[in-house]
> 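Before I ask anything, let me first share the structure, which is written out below as structure tokens.
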Number of protein chains: 2
Amino acid sequence: MAGFENFPVTSEKDSREAEEEAPEPRDAEGRPMRADARRNYERLVMAARRVFTDEGTGASMEAVARDAGVGIGTLYRHFPKRIDLVEAVYRNDVEELVTAAEKAVANSGPLEAVDEFLQAFVRYAEAKRTLLSELREAFDKDPELKSRSRARIDQALDLVLSRAQRAGVVRGDVDSSEVVSMIAPVCTSSVLTAEQSARLVGLVFDGLRTPAPPR
Amino acid sequence: MAGFENFPVTSEKDSREAEEEAPEPRDAEGRPMRADARRNYERLVMAARRVFTDEGTGASMEAVARDAGVGIGTLYRHFPKRIDLVEAVYRNDVEELVTAAEKAVANSGPLEAVDEFLQAFVRYAEAKRTLLSELREAFDKDPELKSRSRARIDQALDLVLSRAQRAGVVRGDVDSSEVVSMIAPVCTSSVLTAEQSARLVGLVFDGLRTPAPPR
DNA sequence: ATACTATACGGAGGGTGCCTCCGGTTAGCA
DNA sequence: TGCTAACCGGAGGCACCCTCCGTATAGTAT
């Protein structure tokens, strides 16, 4: 429906059903994408992210195509409807959040990793703000998009959170889903500025720490 | 800028500067509006509320004009830009919230009035959800719109809240602005359904009661 | 290396929506 | 009842979303 279903950006370690290591991007029919098609697909998602963050909802498809250096027809070949492009950008942002969690686990201490991930989440939500209404529409059209993305974000946070809990630096009576339930509305609220959201999430971080942080 | 500045719906008892009791609606230059103009203005706001709630952001100006039974030119005479119409609907909703508070104070007991107002607030916020991004734009264009509306809502809640506090049925260590700060993000959050928002506001209401409500 | 074919590319153009302009009509007043 | 200022309404300009189809190219077999 939305052009290409799952553009593999993440490197899933999920061994539940190791059907195939698929580093090769494939199109809807399962055939590998042609090199030029893949190049343009990636360019378009990147351009869309730039243009949407710069111009908000008012950004035009033509502007995205121009920024990507491709024709308007190419854009619509990959993303039949405007909402499909919004969805692709969103999926990309979610995957970046996941890799941010993986990087934090790999490169930072248990507590720092939590802080880094929460900051990444604030940035992620900030970008989401401008297209909030269009995302809502995408969620209405495809409810699974919302639940799957939410599950993926919960997993990502769990990666850093449970590690911090095992290390004893974060209180053990919260799970990642609860934390996301708390910070997601704060970060996407339309009545708060980005700074206020960031501050509130900082308070949540302090609340997670154990023992109590120095005042 | 936005057609007609302050369409008098409320009956302000503010005696700071009683320049004139103005039940007569006036246009930008201070002259009274012609009867047909006033009729169409009101029809347009009502029609816009209907159409926006039904069709969301995708609603067209033509649809509003049709629903109001006026020509497209008339719509643009009153509301030069689409955002001006959104703003008018929003102002109208805020004023209805204020009158809801006044009615609750007049017709219900101290505690029931608080509950009624909170429920009215949930409905108000629910209607606001669909045009959230456009409202954000309106706030950016005219920051005073946001602060004035917020102040007016705070006042409205204070009407019912302080009465309940004087009656001893609501804890005294909260003020209306705090309560609005708490429920506004909850009600406009894009990650919660309307039912979840209503439930959470119900919890806030329980938390306000003193002594603790029966479980 | 070359030829073939499936696939991708890109721009012209249709349809819709926001907004403007101006001639016809009507409310308010003497 | 007549005058004038103000209002009404629809045709049309401009921008944007999206479609269609002829052209160019990647991938493959010889």
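Just so we're on the same page: letters track the sequence lines, and every chain starts at 1.
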> Considering residues, nucleotides and ligands other than A:Met182, do more than 12 of their heavy atoms fall under 6.0 Å from its CE?
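Open: at most 12 neighbouring heavy atoms sit under 6.0 Å from CE of A:Met182.
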> Could you go over nucleotides 26-30 of chain C and give all protein N or O partners under 3.5 Å, atom names and distances?
{"residue": "C:dT26", "atom": "O2", "partner": "B:Arg34", "partner atom": "NH1", "Å": "3.3"}
{"residue": "C:dT26", "atom": "O2", "partner": "B:Arg34", "partner atom": "NH2", "Å": "3.4"}
{"residue": "C:dA27", "atom": "O4'", "partner": "B:Arg34", "partner atom": "NE", "Å": "3.1"}
{"residue": "C:dA27", "atom": "O4'", "partner": "B:Arg34", "partner atom": "NH2", "Å": "3.3"}
{"residue": "C:dG28", "atom": "OP1", "partner": "B:Ala35", "partner atom": "N", "Å": "2.9"}

> Mind checking B:Gly71 for me? I need base, sugar-phosphate or nothing, with any heavy atom below 4.0 Å counting as a touch.
sugar-phosphate
> I'd like to know if A:Glu195 pairs up with A:Arg199 as an ion pair, taking the criterion as any Lys NZ or Arg NE/NH1/NH2 lying under 4.0 Å from an Asp or Glu carboxylate oxygen.
no
> Would you tell me whether B:Ser147 and B:Arg152 have side-chain atoms, one donor and one acceptor, within less than 3.5 Å of each other?
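No, no side-chain donor-acceptor pair sits under 3.5 Å.
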> Can you tell me how far P of D:dC16 sits from CD of A:Glu55, to the nearest Å?
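It is 9 Å, rounded to the nearest whole Å.
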> Using heavy-atom distances to pick each residue's nearest nucleotide on DNA chain C, tell me which of B:Ile72 and A:Ala37 is more 5'.
A:Ala37
> Output the rounded distance in Å from NZ (B:Lys81) to C1' (D:dA15).
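Going from B:Lys81 (NZ) to D:dA15 (C1'), I get 13 Å.
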> Using a strict cut-off of less than 4.0 Å between a Lys/Arg side-chain nitrogen and an Asp/Glu carboxylate oxygen, indicate whether B:Glu137 and B:Lys141 qualify as a salt bridge.
no
> Grab the CG-P distance between A:Asn40 and C:dG11 for me, whole Å please.
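These atoms are roughly 12 Å apart.
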> Rounded to the nearest angstrom, tell me the gap between atom NE2 in B:His78 and atom P in C:dC19.
16 Å
> Does A:Glu96 come within less than 4.0 Å of A:Arg49, counting only side-chain N to carboxylate O?
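Yes, charged N to carboxylate O under 4.0 Å.
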> Check the distance between D:dG9's P and B:Leu75's CG and give it to me in whole angstrom.
11 Å
> Expressed as a whole number of angstroms, how long is the span from A:Arg77:CZ to C:dG10:P?
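Nearest whole value for this atom pair: 11 Å.
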> So what does B:Ala59 touch, heavy atoms closer than 4.0 Å: a base, only the sugar-phosphate, or nothing?
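It contacts sugar-phosphate atoms only.
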> Hey, is the side chain of B:Tyr76 poking within less than 4.0 Å of OP1 or OP2 on C:dC19, counting only N and O atoms?
yes
> Send over the distance from B:Met61 CE to C:dC18 P, rounded to a whole Å.
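Going from B:Met61 (CE) to C:dC18 (P), I get 6 Å.
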> NA contact type, A:Thr74, heavy-atom cut-off 4.0 Å: base, sugar-phosphate, or nothing?
base
> Rounded to the nearest 0.5 Å, how far does CG of A:Leu118 lie from CG of A:Leu157?
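Between A:Leu157 CG and A:Leu118 CG, I get 6.5 Å after rounding to 0.5 Å.
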> Are any of the side-chain nitrogens in B:Asp154 or B:Arg150 under 4.0 Å away from the carboxylate oxygens of its partner?
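So B:Asp154 pairs with B:Arg150 through a salt bridge.
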> Nearest whole Å is fine: how far is D:dA26 C1' from A:Tyr41 OH?
20 Å
